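Here's the structure we're looking at; comments come further down.
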There are 2 protein chains.
Amino acid sequence: MVAEQLKLENQICFPVYAASRLIIRKYQPYLEKLGITYPQYLVMLVLWEHEQLPVNDIAQKLILNTNTVTPLLKRMQTLGLLKREKDSLDERKVLIRLTEKGKIMQKEAESIPQNIADSIHCTSMNLEDLFSLKKQLEQLILCYTK
Amino acid sequence: MVAEQLKLENQICFPVYAASRLIIRKYQPYLEKLGITYPQYLVMLVLWEHEQLPVNDIAQKLILNTNTVTPLLKRMQTLGLLKREKDSLDERKVLIRLTEKGKIMQKEAESIPQNIADSIHCTSMNLEDLFSLKKQLEQLILCYTK
DNA sequence: TTTAATTATATCGTGTGCGATATAAAAATA
DNA sequence: TATTTTTATATCGCACACGATATAATTAAA
């Protein structure tokens with residue numbers, strides 16, 4: 001006999017985990033055209049909003065450890081998307097800023113959010129539901145980060 | 001100027017991705033005591049419910065590819081948690097079933113869900129909210145898997 | 001009944017994600 | 001000022017995830 005609380009269908013953790021991977025899969029065809037991965041896309045979103053940021057600030061915004069972000073940024077530098085240079089005011093910090101190629105990519109990415117939204121051909125889930133879901137997840141993240 | 005739809009805070013994708021990793025982090029101290037990882041825990045949940053399953057059925061239940069599940073199961077076999085044997089009726093299939101050690105672990109895992117639930121010391125999020133969130137995520141998963 | 005197509009699993013390569021640890025620079029303290 | 005502590009980034013090792021591909025067994029079709 002399986003304890004009720006140990007059934008897969010009764011876990012809150014699994015739907016979050018599965019939904020995360022499924023959403024990333026939805027993004028892939030669009031990101032493939034830009035030649036970047038999903039975490040790289042998140043870094044681009046941050047850098048399109050901020051002219052210049054140290055590694056740690058990017059990691060905090062994405063709730064990632066720096067030992068994940070450092071190699072991620074290095075791969076993006078290899079792709080020619082961004083530059084890394086020491087902060088002259090604090091030599092510990094490495095400042096990240098987009099290259100021209102990185103800035104130009106924003107134009108190509110502008111249509112992605114709408115494309116993703118349109119790709120949900122699901123009568124039982126509309127944009128309002130998505131917004132409410134987003135709000136609830138942000139609550140959960142607040143609980144889990146403090 | 002950043003297009004509104006490209007701001008990190010306006011993405012539905014990011015909260016799901018971040019919440020998934022944060023939840024997994026919450027599980028880690030408990031799973032560490034059992035000597036398993038989070039994806040391995042999910043496999044255990046499936047096998048505590050099903051005496052015997054082919055690799056593909058486990059992959060489908062967890063919405064994972066078999067090229068993720070095969071090495072995962074091999075590591076779990078090395079840990080002595082499960083056995084792998086060919087299906088005599090269909091030699092393509094590999095049937096997975098728990099060892100005694102794997103079955104015994106269920107007892108130790110029984111308290112985990114309650115511990116996780118208790119660990120949310122967040123006044124703005126109760127169990128009812130979590131249940132509603134789970135239902136909405138399951139809707140999203142339905143949309144994204146069909 | 002050969003041959004072709006499908007199915008189930010496995011292998012390989014690349015990119016995360018993170019715990020543990022290292023290193024250098026800055027800040028705090030004795 | 002010398003020493004200790006903290007902060008910012010990087011390195012290493014391991015376990016996922018998954019696209020692409022390979023292989024063997026089964027099924028479908030010619």
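Computed from a predicted model, the values in this text were never measured in an experiment. Below, chains carry the letters A, B, ... as their sequence lines are ordered, and counting in each starts from 1.
Taking the six-membered ring where tryptophan is involved, the planes of A:Tyr17 and B:Tyr38 are perpendicular, since the angle between them exceeds 60° and thus also 30°. Between A:Tyr27 and A:Tyr41, the ring-plane angle classifies as tilted under the 30° and 60° cut-offs.
A:Leu64 places its CG atom 15 Å from the C1' atom of D:dC16, with the value rounded to the nearest Å. Between the CG atom of B:Leu95 and the P atom of D:dA25 there is a distance of 16 Å, given to the nearest Å. Rounding to whole angstrom units, CD of residue B:Gln40 and C1' of D:dA15 are separated by 8 Å. Going from atom NZ of A:Lys86 over to atom C1' of D:dT7 covers 13 Å, rounded to whole Å. As rounded to whole Å, 16 Å separates atom P of D:dT11 from atom CG of A:Asn65. The CG-P distance, from B:Leu72 to D:dC14, rounds to 17 Å in whole Å. Here D:dC18 presents its C1' atom at 16 Å from CD of B:Gln60, a figure rounded to the nearest Å. When the P atom of D:dA8 is taken as reference, atom CG of A:Leu73 falls 16 Å away, rounded to whole Å.
Contact footprint of chain B on DNA chain C: nucleotides with an atom under 4.0 Å from a non-hydrogen protein atom, first to last in 5' to 3' order, C:dT7 to C:dG19.
A:Thr37 comes within 4.0 angstrom of the backbone, heavy atoms only, and of no base. Using a 4.0 Å heavy-atom criterion, one finds that A:Asn56 contacts the sugar-phosphate atoms exclusively. A:Pro54 comes within 4.0 angstrom of sugar-phosphate atoms only, judged by non-hydrogen atoms across all strands, and of no base. When heavy atoms are screened at a 4.0 angstrom cut-off, A:Arg21 is found touching the sugar-phosphate backbone but no base atom. Within 4.0 Å (heavy atoms only), A:Asp90 reaches sugar-phosphate atoms of the nucleic acid but no base atom.
Closest approach of B:Leu82 and B:Gln77 over heavy atoms only: O-CG, 3.5 Å. Here the closest non-hydrogen pair linking A:Leu34 and A:Ala109 is CD1-CB, 4.1 Å.
For B:Lys134, the NZ atom is densely surrounded, since the number of other residues' heavy atoms within 6.0 Å is greater than 12. For A:Lys83, the NZ atom is densely surrounded, since the number of other residues' heavy atoms within 6.0 Å is greater than 12.
For the pair A:Val94 and A:Tyr17, both in contact range of DNA chain D, the more 5′-proximal nearest nucleotide belongs to A:Val94. Toward the 5′ end of DNA chain D lies the nearest nucleotide of A:Asn67, the other residue of the pair A:Leu22 and A:Asn67 mapping further downstream. Comparing A:Met76 and B:Lys93 along DNA chain C, the residue whose closest nucleotide (by nearest heavy atom) sits nearer the 5' end is B:Lys93. Take the nearest nucleotide of DNA chain C for A:Leu89 and for A:Ile24: the residue whose nucleotide is more 5' is A:Ile24.
In this structure, a donor-acceptor pair under 3.5 Å is absent between the side chains of B:Asp129 and A:Gln136.
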